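This report concerns only the one structure given below.
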Amino acid sequence: MATPHINAELGDFADVVFMPGDPLRAKHIAETLLQDARLVTDVRNMLGYTGTYKGRRVSVMGHGMGIPSCSIYVKELITDYQVDKIIRIGSCGALLPQVKVRDIVIGMGACTDSGVNRTRFKGHDFAAIADFGLLRNAVAAAEAKSIPVHVGNMFSADLFYNPDSQLFDVMEKYNVLGIEMEAAGIYGVAAEYGAKALCICTVSDHIRSGESLSSELRQTSFNQMVEIAMDSVL
């Protein structure tokens with residue numbers, strides 16, 4: 001049953017998979033938030049686990065950095081392992097003054113400089129949007145915990161080190177809440193294969209102020225965001 005990138009057996013994954021970019025963050029989530037978690041895939045050390053959260057069977061697996069990497073894992077989870085809900089739980093950068101480091105951003109949509117969705121959409125623009133049901137449930141879960149969130153557009157960048165600094169001014173003008181590297185690709189794959197997807201991110205750095213979290217804190221301090229995501233599927 002193994003695919004080229006996942007060595008799990010059919011049935012090893014739950015119907016919903018929560019996906020951080022960092023596989024070590026997936027390991028941390030499995031060890032700290034799931035009950036009876038077991039490792040189900042470890043190809044290329046892209047770790048994936050299945051366990052229960054408050055009695056609900058769920059899986060968590062890393063997806064790597066960038067749209068090409070996450071698209072491979074999301075596609076195989078949907079088409080080979082019958083996963084029908086993908087929720088990215090990652091980090092993002094912020095530009096707007098009202099969006100602070102450690103704030104939570106929920107991606108209603110994701111614009112991008114990547115060409116992948118135009119490739120799948122015959123050269124036309126594709127509106128990469130979240131599943132409304134997942135989005136509504138995540139906002140409700142945050143409200144139940146009295147945790148404020150920002151909901152709106154994100155930008156999925158192909159280049160982490162973008163040489164065009166003026167692009168940040170354009171993003172700010174268009175009220176882009178967070179900059180990351182995967183949401184638009186995940187939304188496109190989910191649409192292509194008939195699954196549901198959502199992206200929830202914690203702000204790890206602010207491009208204007210220069211404030212940022214360490215790599216260790218990014219790996220271990222996003223539990224609030226993860227709990228919102230997991231509560232949203234209960």
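Note that the structure is a prediction, hence the values are computed from the model and not measured. Along the sequence shown, residues carry numbers from 1.
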- Item | Donor-acceptor side-chain pairing of Lys75 and Ser71 below 3.5 angstrom | no
- Message: Could you measure the distance from the CE atom of Met225 to the SG atom of Cys201? Nearest 0.5 Å is fine.
- Response: 7.0 Å
- Does His206 reach the side chain of Ser212, with side-chain heavy atoms less than 4.5 Å apart? no
- Item | Minimum side-chain heavy-atom gap Val40-Phe13 below 4.5 Å | yes
- Item | Stepwise salt bridge (charged side-chain N to carboxylate O under 4.0 Å, His left out) check, Arg208 with Asp169 | CA-CA 10 Å; Arg208 298 306 194 195; Asp169 298 329; 2.9 Å; yes
- Message: Could you see if Val170 belongs to whatever hydrophobic cluster contains Met154? Use Ile, Leu, Val, Met, Phe, Trp, Tyr and a side-chain cutoff under 4.5 Å.
- Response: no
- Item | Residue pair Val60, Arg25: steps toward the side-chain contact (heavy atoms from CB on, under 4.5 Å) verdict | CA-CA 9 Å; Val60 57; Arg25 195 183 305 157; over 6 Å; no
- Query: Checking Asn117 side chain against Ala184 main chain: does a donor-acceptor pair fall under 3.5 Å?
  - Reply: yes
- In terms of heavy-atom contacts, does NZ of Lys27 have more than 12 from other residues, nucleotides or ligands at under 6.0 Å? no
- Message: Could you see if Phe168 belongs to whatever hydrophobic cluster contains Val99? Use Ile, Leu, Val, Met, Phe, Trp, Tyr and a side-chain cutoff under 4.5 Å.
- Response: no
- Gap between atom CD of Glu76 and atom CE of Met61 - 0.5 Å precision: 8.0 Å
- Are the side chain of Thr50 and the backbone of Asp12 linked by a donor-acceptor contact shorter than 3.5 Å? yes
- Message: Any heavy-atom pair between the side chains of Cys92 and Ile179 that's under 4.5 Å?
- Response: no
- Using a cut-off of 6.0 Å, state whether more than 12 heavy atoms not belonging to Asp36 lie near its atom CG. no
- Please walk me through it: do Leu95 and Val176 pass side-chain contact (heavy atoms from CB on, under 4.5 Å)? CA-CA 8 Å; Leu95 285 164; Val176 169; 5.6 Å; no
- Message: Measuring only between side-chain heavy atoms, which start at C-beta, is Ile6 closer than 4.5 Å to Tyr73?
- Response: yes
- Query: What closest approach, in Å, do Val203 and Ala94 show between heavy atoms, and which atom pair accounts for it?
  - Reply: CG1-CB, 3.7 Å
- Task: Can you see which heavy atom on Asp131 is nearest to which on Leu134, and at what distance?
- Result: OD2-N, 2.9 Å
- To the nearest 0.5 angstrom, please state how far the CZ atom of Phe222 sits from the NE2 atom of His28. 10.5 Å
- Task: Might you confirm whether atom CD of Gln98 has over 12 heavy atoms from other residues, nucleotides or ligands at distances under 6.0 Å?
- Result: yes
- Reported OG-to-OH distance for the pair Ser59 and Tyr49, which is rounded to 0.5 angstrom: 12.5 Å
- Message: Looking only at side-chain N and O atoms, does Asp42 offer a donor or acceptor that is under 3.5 Å from a partner on Asn7?
- Response: yes
- For residues His63 and Glu182, is any side-chain donor paired with an opposing acceptor at under 3.5 Å? no
- Message: If you apply the rule side-chain contact (heavy atoms from CB on, under 4.5 Å), what do you find for Thr202 with Ser91, and how did you get there?
- Response: CA-CA 5 Å; Thr202 298; Ser91 60; 5.7 Å; no
- Consider only side-chain heavy atoms of I, L, V, M, F, W and Y, link residues closer than 4.5 Å, and tell whether Phe18 and Val139 are in one cluster. yes
- Query: Quick one: does Val151's side chain get under 4.5 Å of Leu135's, heavy atoms only?
  - Reply: yes
- Query: Would Ser232 and Ile87 satisfy side-chain contact (heavy atoms from CB on, under 4.5 Å), going step by step from the backbone distance to the final call?
  - Reply: CA-CA 10 Å; Ser232 75; Ile87 301 181; 4.1 Å; yes
- Item | More than 12 heavy atoms of other groups within 6.0 Å of Arg44 CZ | no
- Item | CG on Asp80 to CD1 on Ile78, rounded to 0.5 Å | 10.5 Å
- Message: Can you give me the closest heavy-atom contact between Ala30 and Ala37, atom names plus distance?
- Response: O-CB, 3.7 Å
- Message: Measuring from atom OG1 of Thr112 to atom CG of Asp125, what distance do you get when rounded to the nearest 0.5 angstrom?
- Response: 11.0 Å
- Message: Counting C-beta onward and ignoring hydrogens, is there a side-chain heavy-atom pair between Leu198 and Tyr187 closer than 4.5 Å?
- Response: yes
- Message: Is there a continuous path of hydrophobic side-chain contacts, each under 4.5 Å between heavy atoms, that joins Val189 to Met46?
- Response: yes
- Item | Ala141 to Ile228 - nearest heavy-atom pair and separation | CB-O, 3.6 Å
- Residue pair Ile89 / Ala229: nearest heavy atoms and the distance that separates them: CG2-CB, 3.6 Å
- Considering all heavy atoms of both residues, which atom of Leu39 and which atom of Thr41 are nearest to each other, and what is their separation? CD1-O, 3.4 Å
- Task: With the side chain counted from C-beta on, respond yes when Arg88 and Val74 share a heavy-atom pair under 4.5 Å apart, and no when they do not.
- Result: no
- Hey, are the side chains of Glu172 and Leu96 touching, using non-hydrogen atoms and a 4.5 Å cut-off? yes
- Query: Just checking, any donor-acceptor pair under 3.5 angstrom between side chains of Asp231 and Tyr53?
  - Reply: yes
- Message: Would Arg56 and Asp15 count as a salt bridge (charged side-chain N to carboxylate O under 4.0 Å, His left out) here? Give the steps.
- Response: CA-CA 10 Å; Arg56 205 304 193 179; Asp15 62 310; 2.5 Å; yes
- Task: Consider only side-chain heavy atoms of I, L, V, M, F, W and Y, link residues closer than 4.5 Å, and tell whether Ile29 and Leu47 are in one cluster.
- Result: yes
